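The structure under discussion appears below in the form of structure tokens.
A, B, ... follow the sequence lines: proteins, then strands. Residue 1 opens every chain. Bear in mind that the values here come from a model prediction, so they are computed numbers and not experimental data.
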Protein chains: 2
Amino acid sequence: MARTRASDYDDKRRTILDRSAELFAAHGFDRASMSRIADACGVSKANLYHYYRDKEAILFDVIRVHLEVLLEAVEAADLPGLPPQERLRRLVGALLEAYRDADAQHKVQINDLALLPPARQDEVRAIERELVRLFAEAIAGVAPHLRGTRVLKPVTMSFFGMVNWHYLWFREGGGFTRSDYADLVTRIIADGTRGIAAEPEPARAVAAGR
Amino acid sequence: MARTRASDYDDKRRTILDRSAELFAAHGFDRASMSRIADACGVSKANLYHYYRDKEAILFDVIRVHLEVLLEAVEAADLPGLPPQERLRRLVGALLEAYRDADAQHKVQINDLALLPPARQDEVRAIERELVRLFAEAIAGVAPHLRGTRVLKPVTMSFFGMVNWHYLWFREGGGFTRSDYADLVTRIIADGTRGIAAEPEPARAVAAGR
DNA sequence: CCTACCGATCGGTAGG
DNA sequence: CCTACCGATCGGTAGG
């Protein structure tokens with residue numbers, strides 16, 4: 001019945017992260033005061049500082065935990081042995097499902113990441129890069145003629161543009177589901193890249209000092 | 001030689017908008033103080049209030065003017081008589097060109113629009129909708145089987161996702177140009193939508209009060 | 001773990 | 001009387 005102290009501690013941090021994400025998303029990081037976060041969590045403002053050193057540490061953890069959840073969900077859904085288009089479809093579906101209850105976190109990532117100091121941004125970007133690497137690999141599976149060319153990156157970033165933009169227009173329960181959108185994006189990428197010219201990646205300028 | 005007073009006034013407002021956009025984009029709206037904006041413009045803070053009623057009015061104008069410039073550029077490039085794919089290509093090219101020196105404005109639109117009061121947001125969104133309407137029409141040109149179906153919106157928003165996400169990865173002078181990206185996006189949309197199933201738009205629930 | 005309070009800085013406006 | 005501005009400082013609130 002009695003929970004361990006460690007578990008309470010983690011639950012409390014998770015509550016703080018969730019309420020903070022909602023307030024940051026709704027009002028912006030600078031306008032969501034620590035007092036309002038404390039009220040939303042049902043604790044005193046001073047108590048917040050027991051769990052997080054400062055406001056910025058909360059922002060960092062909101063984004064870090066969000067991206068780790070995304071990455072884990074996508075990695076768990078990955079079946080590299082599947083036919084390429086089915087593999088991509090599963091990954092897209094897992095990503096869109098992971099976004100289902102993470103609209104606030106997603107907005108915070110997009111709008112407030114730049115408010116972190118560079119070192120913290122780099123930590124977060126390392127997780128982002130892992131996600132990009134995985135999808136670039138899966139996209140290269142459905143478009144093998146693009147593997148190793150300089151258009152694979154623009155295509156991959158176009159994919160992330162589609163998926164990461166969805167929070168601005170996609171609404172639950174409108175007949176067009178997350179699964180429908182996963183189908184659509186997979187098809188657009190698979191069919192849309194067939195006719196792309198496959199210029200080779202230009203060799204990096206070597207010698208000459210660097 | 002001597003400029004009219006009105007022209008000076010407009011020049012000054014444009015300077016304020018440009019410097020403010022840069023500072024808002026670099027530090028976020030709330031962290032870019034009126035003092036720093038004034039410094040960047042080479043005027044006193046009090047002088048800023050001669051041109052704009054308050055800080056929020058600057059934010060509104062930054063976004064409004066930005067979107068009007070985008071819309072005008074795209075409308076000026078539109079040749080509805082062209083073959084559909086060429087027409088779309090021209091529109092995408094014009095949009096990406098209009099973004100060339102508007103990275104700051106674009107970031108402000110994405111990150112700080114929500115800080116405006118709802119009425120101001122609506123004014124801005126009306127311009128956005130005009131842009132969306134125009135591209136939806138052009139996309140329906142290259143994918144006529146989607147016209148009037150409920151997938152036209154997701155496809156159109158996927159297009160905007162690709163294009164509006166580009167500021168996060170696209171870098172000038174990297175061999176892959178804006179024109180290359182306009183080609184890529186046009187192709188992905190044109191070829192990627194060919195195999196999309198054309199479900200009809202479900203009729204709106206009529207009668208029964210509403 | 002809270003109440004009480006700080007040093008710093010904000011957006012906006014006064015008099016002249 | 002108006003406009004276009006300046007130096008100085010206001011009341012209020014932020015993070016801690």
| note | Rounded to whole Å, the CZ-C1' distance (A:Arg31 to C:dC10) equals 12 Å
| remark: B:Arg53 CZ to C:dG11 P, in whole Å, measures 17 Å
| request: Grab the CD-C1' distance between B:Glu56 and C:dC10 for me, whole Å please. | output: 16 Å
| said: Using whole Å, what does the distance between atom P of nucleotide C:dG11 and atom OH of B:Tyr52 come to? | reply: 17 Å
| said: From CG of B:Asp30 over to P of C:dG12, roughly how many Å is that when rounded to an integer? | reply: 11 Å
| When you measure from the side chain of B:Lys45, which nucleotide among D:dC5, C:dG11, D:dG15 comes out closest? | C:dG11
| message | Check whether A:Phe29 forms a cation-pi arrangement with A:Lys55 (NZ or CZ under 6.0 Å from the six-membered ring centre, at most 45° off the ring normal). | response | yes
| field | Selected nucleotide, minimal atom distance to B:Ser33 side chain, candidates C:dC10, C:dC2, C:dG12 | value | C:dC10
| task | May I have the distance from B:Arg36 (atom CZ) to C:dC10 (atom P), rounded to whole angstrom? | result | 9 Å
| message | Between P on D:dA8 and CE on B:Met34, what's the gap in Å once rounded to a whole number? | response | 20 Å
| said: Under 4.0 Å, heavy atoms only, any strand: does A:Ala32 hit a base, just the sugar-phosphate, or nothing? | reply: sugar-phosphate
| field | Atom pair distance, as rounded to whole Å: NE2 in B:His50 and C1' in D:dC2 | value | 12 Å
| B:Tyr49 side chain, from C-beta outward: closest of D:dG15, D:dC5, C:dT13 | C:dT13
| request: State yes or no: are the ring centers of B:Trp169 and B:Tyr181 separated by less than 6.0 Å? | output: yes
| message | Less than 6.0 angstrom separating the ring centers of B:Tyr99 and B:Tyr167, yes or no? | response | no
| task | Measure from the side chain of A:Ala46, starting at C-beta and using heavy atoms only, and say which of D:dG15, C:dC2, C:dC1 lies closest. | result | C:dC2
| query | To the side chain of B:Ser44, which of D:dT3, D:dC6, C:dG12 is closest? | reply | D:dC6
| query | Do A:Asn47 and A:Ser44 meet the criterion of a side-chain donor-acceptor pair at a distance under 3.5 Å? | reply | no
| message | On the nucleotide D:dC5, are OP1 or OP2 found under 4.0 Å from the side-chain N or O atoms that B:Tyr51 carries? | response | yes
| request: Confirm from the modelled atom types if A:Lys55 and D:dG16 form a donor-acceptor pair under 3.5 Å, side chain to base only. | output: no
| field | Candidates C:dC1, D:dA4, D:dC6 - which lies nearest the side chain of A:Asn47 | value | C:dC1
| said: For B:His166 and B:His106, take the angle between the two ring planes, folded into 0 to 90°, and tell me which bin it lands in: parallel under 30, tilted 30 to 60, perpendicular over 60. | reply: tilted
